[in-house]
There are 2 protein chains.
Amino acid sequence: MPSATIDSPLVDALRARGQRVTPQRLVIHRLLREQNRHMSADEVLDEVVERLPGVSLPTVYATLELLEQLGLVRRLGPTGGRVLFDSRLDPHHHVVCSQCGRVEDLDAAVETAPALTAARRAGFADARAGLIVTGVCRTCRCPRRSYT
Amino acid sequence: MPSATIDSPLVDALRARGQRVTPQRLVIHRLLREQNRHMSADEVLDEVVERLPGVSLPTVYATLELLEQLGLVRRLGPTGGRVLFDSRLDPHHHVVCSQCGRVEDLDAAVETAPALTAARRAGFADARAGLIVTGVCRTCRCPRRSYT
DNA sequence: CTTTTTGCAAATGATTTGCATTAAC
DNA sequence: GTTAATGCAAATCATTTGCAAAAAG
């Protein structure tokens, strides 16, 4: 009976996918489990090099993407790489394709009031809420085939 | 009695702030009102140069930022310039400071089910929802003064 | 041993900046 | 006339890529 360590979820997922367990991956994963804050790739590198000198930024990026695919971290922010501007001013939300970055409007009633209240309580003024739904769009889902 | 044109909201806001009404600003604003889609700065430039040759990318960026400040467009995507990774895996939301980019967790119950359903109906699979609240944090609000 | 992962250096792409010129007011 | 806004070229920043060397299984 293997005792569940902090590494287990990562190690198990890697083995299940036939991928390798490297010190870089372990250290980055541990760091993220320990730190209870949002970190950029840069910040991760800074902390990681202290424990494992020589680690490179590209490795950090690759590992973070891997961890995201394994469901072990959540990516925040740019879902595609660029900023988009929306001319619709009425309240509505958005769906973003996690593969191609396509953004579509989403008309759905979502009760954002409690979140706005919580934000104000946290010290944020002029709060506005927007729901971002992430998923895989039809086009990206249908492999190599025009709309059937 | 000035008839309300499509330009009015922009022109009025500019005058109110003592800023200048330039053809670039008018054309970019009109374009965004007409097009009913999300556009990147590049895409805006492409369309704008057809109507006003010689317009530059920096001007497009500056104008889009201005329009955002005036509340005439909404910015989607990178609220700060970089991606952040969140190690919290349980459902929660985020507040982002629109000035400094600071991101904090937000624990508030938000009913995302209807949005997820709408996304599926729109053809998106594996949909996950995250609420992003944008506002100005306390630190950015208190001008030039450490926490009082 | 074989194949994946790494580190390095260089490339890419979006956005921003400095500055002289032009155009609003 | 004054001052803000523009266009241009170059800078910056985060992220990605190509490839040979190192390491996991």
Side-chain angles (χ1 to χ4, degrees), chain A residues 7 10-29 38-46 48-70 73 75-85 98-101 103, chain B residues 7 10-29 38-46 48-70 73 75-85 98-101 103:
Chain A
D7 300 325
L10 173 58
V11 174
D12 294 349
L14 286 174
R15 294 236 166 91
R17 296 172 41 142
Q19 288 182 291
R20 295 178 180 174
V21 178
T22 66
Q24 290 88 337
R25 287 173 177 174
L26 288 172
V27 170
I28 292 171
H29 176 243
H38 308 116
M39 302 183 80
S40 64
D42 265 328
E43 291 168 339
V44 170
L45 180 67
D46 288 346
V48 166
V49 283
E50 291 183 19
R51 311 190 191 182
L52 197 67
V55 176
S56 67
L57 243 197
T59 297
V60 170
Y61 275 106
T63 303
L64 288 170
E65 187 180 344
L66 174 65
L67 292 177
E68 190 197 4
Q69 288 172 4
L70 299 178
V73 281
R75 178 188 299 252
L76 297 185
T79 314
R82 74 223 161 131
V83 177
L84 294 180
F85 294 87
S98 49
Q99 315 245 303
C100 68
V103 179
Chain B
D7 299 325
L10 173 58
V11 174
D12 295 349
L14 287 175
R15 295 234 166 92
R17 295 171 41 142
Q19 289 183 289
R20 297 177 181 174
V21 178
T22 67
Q24 291 88 337
R25 288 173 176 172
L26 288 173
V27 169
I28 292 172
H29 176 245
H38 309 115
M39 303 182 79
S40 64
D42 266 328
E43 291 168 338
V44 170
L45 180 66
D46 288 345
V48 167
V49 284
E50 292 183 19
R51 311 189 190 183
L52 198 67
V55 176
S56 67
L57 244 197
T59 297
V60 170
Y61 275 105
T63 303
L64 288 171
E65 187 180 344
L66 174 64
L67 293 176
E68 190 197 6
Q69 288 172 4
L70 300 178
V73 283
R75 178 188 299 252
L76 296 185
T79 315
R82 74 229 159 123
V83 177
L84 295 179
F85 294 87
S98 49
Q99 315 245 305
C100 67
V103 179

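Residue numbering restarts at 1 for every chain, and letters A, B, ... go by the order of the sequence lines. What you see is a predicted model, and the numbers here were worked out from it, not measured in a lab.
Rounding to the nearest 0.5 angstrom, the gap separating the CG atom in Leu70(B) from the CD atom in Glu65(B) is 10.5 Å. The CZ atom of Arg75(A) lies 9.0 Å from the CD atom of Gln69(A); values are rounded to the nearest 0.5 Å. One distance of note links OG of Ser40(A) with CG of Leu45(A); it measures 9.5 Å at 0.5 Å rounding. Rounding to the nearest 0.5 Å places CG of Leu14(A) at 8.0 Å from CG of Leu26(A). Of the inter-residue distances, the one linking His29(B) atom NE2 with Thr63(B) atom OG1 reads 11.5 Å to the nearest 0.5 angstrom. For the atom pair Gln19(B) CD and Leu10(B) CG, the distance stands at 9.5 Å (nearest 0.5 Å).
Heavy-atom minimum distance, Glu43(B) versus Met39(B): OE1-CA, 3.2 Å. The minimum heavy-atom distance between Leu84(A) and His38(B), with the atom names listed, is CD1-CB, 4.0 Å. Between Val55(B) and Leu52(B) the shortest heavy-atom distance is CG2-O, 2.9 Å.
An end-to-end axis angle of 40° holds for the helix from dC1(C)-dG25(D) to dC25(C)-dG1(D), taken from five base pairs per end and rounded to 10°.
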Going 5' to 3' through nucleotides 20-25 of chain C, assign each nucleotide B (protein heavy atom under 4.0 Å from a base atom), S (under 4.0 Å only from sugar-phosphate atoms) or - (no protein heavy atom that close).
---BBS

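Distance, Glu43(B) CD to dT15(C) P: 11 Å, rounded to whole Å. Rounded to whole Å, atom P of dT16(D) lies 7 Å from atom CD of Glu65(A). Leu64(A) places its CG atom 10 Å from the P atom of dT15(D), with the value rounded to the nearest Å. The interatomic distance linking Tyr61(A) (OH) with dA11(C) (P) rounds to 18 Å, in whole Å. In this structure, Arg75(B) places its CZ atom 12 Å from C1' of dA14(C), rounding to the nearest Å. Straight-line distance from the CE atom of Met39(A) to the C1' atom of dA14(D): 16 Å, rounded to whole Å. Distance, Leu76(B) CG to dA14(C) P: 17 Å, rounded to whole Å. Between Leu57(B) atom CG and dA5(D) atom C1' there is a gap of 16 Å when expressed in whole angstrom units.
Looking at heavy-atom distances under 4.0 Å, Gly18(B) makes no contact with the nucleic acid at all.
Along DNA chain D, the nucleotide nearest to Phe85(B) and the one nearest to Val60(B) differ in position, and the one closer to the 5' end is contacted by Val60(B). In terms of position along DNA chain C, the nucleotide closest to Leu66(A) lies nearer the 5' end than the nucleotide closest to the other residue of the pair Leu66(A) and Pro58(A).
Taking every side-chain heavy atom of Val55(B) into account, dG7(D) is the closest of dT6(C), dA14(D), dG7(D).
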